Amino acid sequence: MNDSNFEPEAADDDILPLRERIKANPGPAVFWLVGVSILFALQFGMFADGVVSRIPWEPLLVVPGVSVLLAAGEWIADLPVLLSKETVPNQGYYVPGEGWQGTFLGLSPAAAWAIRVVLVYAYAFVWVFWIWKGYLLFRTEYRYADWTPRDDMINRMRTHRWGQFGLVIVILFLVMALFAPVLAPTTFAENIDNPYGHQMEYYDESVGNVVTITVGEANQGAVSRGAGPNNVGPLSYDDYDRFAPFGTLHDGKDLFTFMAFGARVSLAIGILTITLAGVIAASLALATAYYKGRIDLSVVLIGDSVQAMPRLLLIIMLSVVLGGTWLADIYSGGFILALIFAATGWPGLWRSVRGPAFQVAEQEWIDAAKSYGQGPGTTMKKHMLPYILGYLLVYSSMSLGGVIVGVAGLSFLGLGVNAPTPEWGRAIDYGQAYVASPSWHISLLPGFCIVLIVTAFNALGDGIRDAIDPQSQASSAHDEAQAGAAGGGA
């Protein structure tokens, strides 16, 4: 720690809590919190809307004062924000001699949409940078230790280009999912949920005036079903002056909007699946490593039995059997898919962390904890769980891409998320009849995105693994060198 860093007034053997260290040296923390407050304030209305819209207000309205609270919440949720369609509108129409009407600064819809996309990703990457800045401030100003093993892990990750590639792509995907309502050229309600319940304006050259039409009727004139007038490809406009970054679907709906909201669905199912499977795998790994014997044998038999079943057929069977239950109505069927993937995927994660759990269970500090009378739950939570979390993070990252592929595959087969909720696999299904036509974009763009995001999650997992355990990187490089010397195994 350098001379400018915080030096606690207490003795070296008297470790102060973090809040006391910040109280003694508040400057860096205040500086960082000011930045967080500015970033938060730029989108405060959006965050407030996210909270207000998810509270079931109707049953609560009988309570005195709740109606006032609801009105205040709605007023806050309507506050202007930096990133919204109202701030940078991209939907408008072109009038000859007058230019674009209704768009941001009279720009073309493509330019206005591009500005909004740049703002969204700039905002997201500033957040990432500021979180990293906060960690560096903690490391230099408030942490007692000059070095921890975590520093070496982060330094190895900073030089791991393959892992960084995965991290960047994953961040782009996460931003796409989280900011789907802002990134999409149109809204979910207009494009997917109820196109015939919304109207739009465009300039009709045949009558020389601006006319009104429902979005559903306009979609009929913007379908992508092959060559000629029946195709609106990527980066093009339809006959109603709507810009389609990825083109349109076979029914005229905007493909980018479909994919942006589909990313949100895929991410939600993937995270829920990995969370459930991870909790099961970690719990069983700790229990089997601690108790061993019959408990370990029982879990081995159950896990191997699940893995012995053909997983794809098992998933399809469960999707069909459980598709008629009330569980299938939660999140358009996404919840039951997460349960199915977690129930069939936990053995893989458990196998991945079982070995590290057994290793740590043999350490002397575990015996010492037992000899001091520490309970099994406390020992597993405090002394064993931190050791396997890194491994669990690595294999969870790699498994998340597989879940996304699996959900897309089920949607392709008509067994995934219920329509009209968007899902990338369904877009591939929509476009399979037009792959060899000018409407190739319907299938190929979602397919390319699936391949890219799965590769990115695997690359991120590789990076985390090599950062946590550099010996695995050396071993991998040694194996690759041997494989290269042997002609790649050919």
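Atom set for the values below is all heavy atoms of this structure, side chains included, hydrogens, waters and symmetry mates excluded. Predicted model, so just to flag it, every value in this text is computed and none were measured.
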Report yes or no: does [X] contribute a side-chain atom to a donor-acceptor pair with the main-chain N or O of [Y] at less than 3.5 Å?
X	Y	answer
Tyr372	Asp367	no
Gln164	Met157	yes
Tyr121	Leu172	yes
Lys292	Ala289	yes
Ser224	Thr248	yes
Arg21	Tyr142	yes
Ser397	Leu393	no
Trp113	Leu183	yes
Tyr123	Leu42	no
Gln363	Gln359	yes

key: Trp424-Phe258 aromatic ring centre distance below 6.0 Å   = no
message = Apply side-chain contact (heavy atoms from CB on, under 4.5 Å) to residues Asp329 and Phe335 and explain how you reach the verdict.
response = CA-CA 8 Å; Asp329 296 330; Phe335 179 70; over 6 Å; no
If you round to the nearest 0.5 Å, how far is [atom2] of [Y] from [atom1] of [X]?
X	Y	atom1	atom2	value
Ile330	Asn418	CD1	CG	11.5 Å
Asp152	Arg156	CG	CZ	5.5 Å
Phe246	Cys449	CZ	SG	5.5 Å
Phe179	Leu174	CZ	CG	11.0 Å
Gln43	Asp49	CD	CG	11.0 Å
Ile404	Ile450	CD1	CD1	8.5 Å

task = Applying side-chain hydrogen bond (donor to acceptor under 3.5 Å, both in side chains), name anything that partners Arg150, two or more places apart in sequence or on another chain.
result = none
Partners meeting side-chain hydrogen bond (donor to acceptor under 3.5 Å, both in side chains) with Ser399 (sequence neighbours left out) = none
request  = Please test Arg143 against Asp151 for salt bridge (charged side-chain N to carboxylate O under 4.0 Å, His left out), starting from the C-alpha separation and ending with a verdict.
outcome  = CA-CA 12 Å; Arg143 197 176 69 184; Asp151 294 343; 2.6 Å; yes
Check: [Y] and [X] side chains under 4.5 Å, non-hydrogen atoms:
X	Y	value
Arg426	Phe412	no
Leu272	Tyr331	no
Leu385	Met380	no
Tyr135	Ile154	yes
Met398	Asp462	yes
Met153	Ile464	no
Thr379	Ile366	yes
Leu337	Val417	yes

ask   = Excluding sequence neighbours, so at least two apart, what forms salt bridge (charged side-chain N to carboxylate O under 4.0 Å, His left out) with Glu364?
value = none
ask   = Of all residues at least two apart in sequence or in a different chain, which pass the ring pair (Phe, Tyr, Trp, His ring centres under 6.0 Å) check with Phe44?
value = Phe40
message = Please tell me whether Thr186 and Thr257 have a donor and an acceptor in their side chains that are separated by less than 3.5 angstrom.
response = no
Check: Asp466/Trp162 side-chain N/O donor and acceptor closer than 3.5 Å = no
Which heavy atom of [X] sits nearest a heavy atom of [Y], and at what distance?
X	Y	answer
Ala328	Leu322	CB-O, 3.9 Å
Pro422	Ile192	CG-CD1, 3.9 Å
Pro446	Ile428	CB-CG1, 3.9 Å
Ser396	Leu349	N-CD2, 3.9 Å
Gly278	Leu392	O-CD2, 3.9 Å
Leu314	Met309	CD2-SD, 3.9 Å

key: Steps toward side-chain contact (heavy atoms from CB on, under 4.5 Å) verdict (Phe358, Met384)   = CA-CA 9 Å; Phe358 267 86; Met384 296 176 65; over 6 Å; no
task = Show your reasoning for whether salt bridge (charged side-chain N to carboxylate O under 4.0 Å, His left out) applies to Arg351 and Asp304.
result = CA-CA 10 Å; Arg351 279 288 185 187; Asp304 288 350; 2.8 Å; yes
request  = Might you work through the side-chain contact (heavy atoms from CB on, under 4.5 Å) test for Ile171 and Phe125, ending with a clear yes or no?
outcome  = CA-CA 9 Å; Ile171 291 176; Phe125 277 99; 3.9 Å; yes
request  = State whether Tyr290 and Lys370 meet the cation-pi test: NZ (Lys) or CZ (Arg) under 6.0 Å from the six-membered ring centroid, and within 45° of the perpendicular axis.
outcome  = yes
message = For Phe47, is the CZ atom crowded, meaning more than 12 foreign heavy atoms sit under 6.0 Å from it?
response = yes
query = Going through the checks in order, is the side-chain contact (heavy atoms from CB on, under 4.5 Å) test met by Asp251 and Asn219?
reply = CA-CA 7 Å; Asp251 54 5; Asn219 288 345; over 6 Å; no
List the atom pairs, donor and acceptor, that lie under 3.5 Å between side-chain atoms in residues 261-269 and the rest of the protein, sequence neighbours left out.
unit_1	atom_1	unit_2	atom_2	d
Arg264	NE	Ala177	O	3.0
Arg264	NH2	Ala177	O	3.3
Arg264	NH2	Leu178	O	3.0
Ser266	OG	Gly262	O	3.1
Ser266	OG	Glu423	OE2	3.1

ask   = Going by the side chain to side chain donor-acceptor pair (under 3.5 Å) test, which pairs reach into residues 439-458, not counting sequence neighbours?
value = Asn231-Ser439
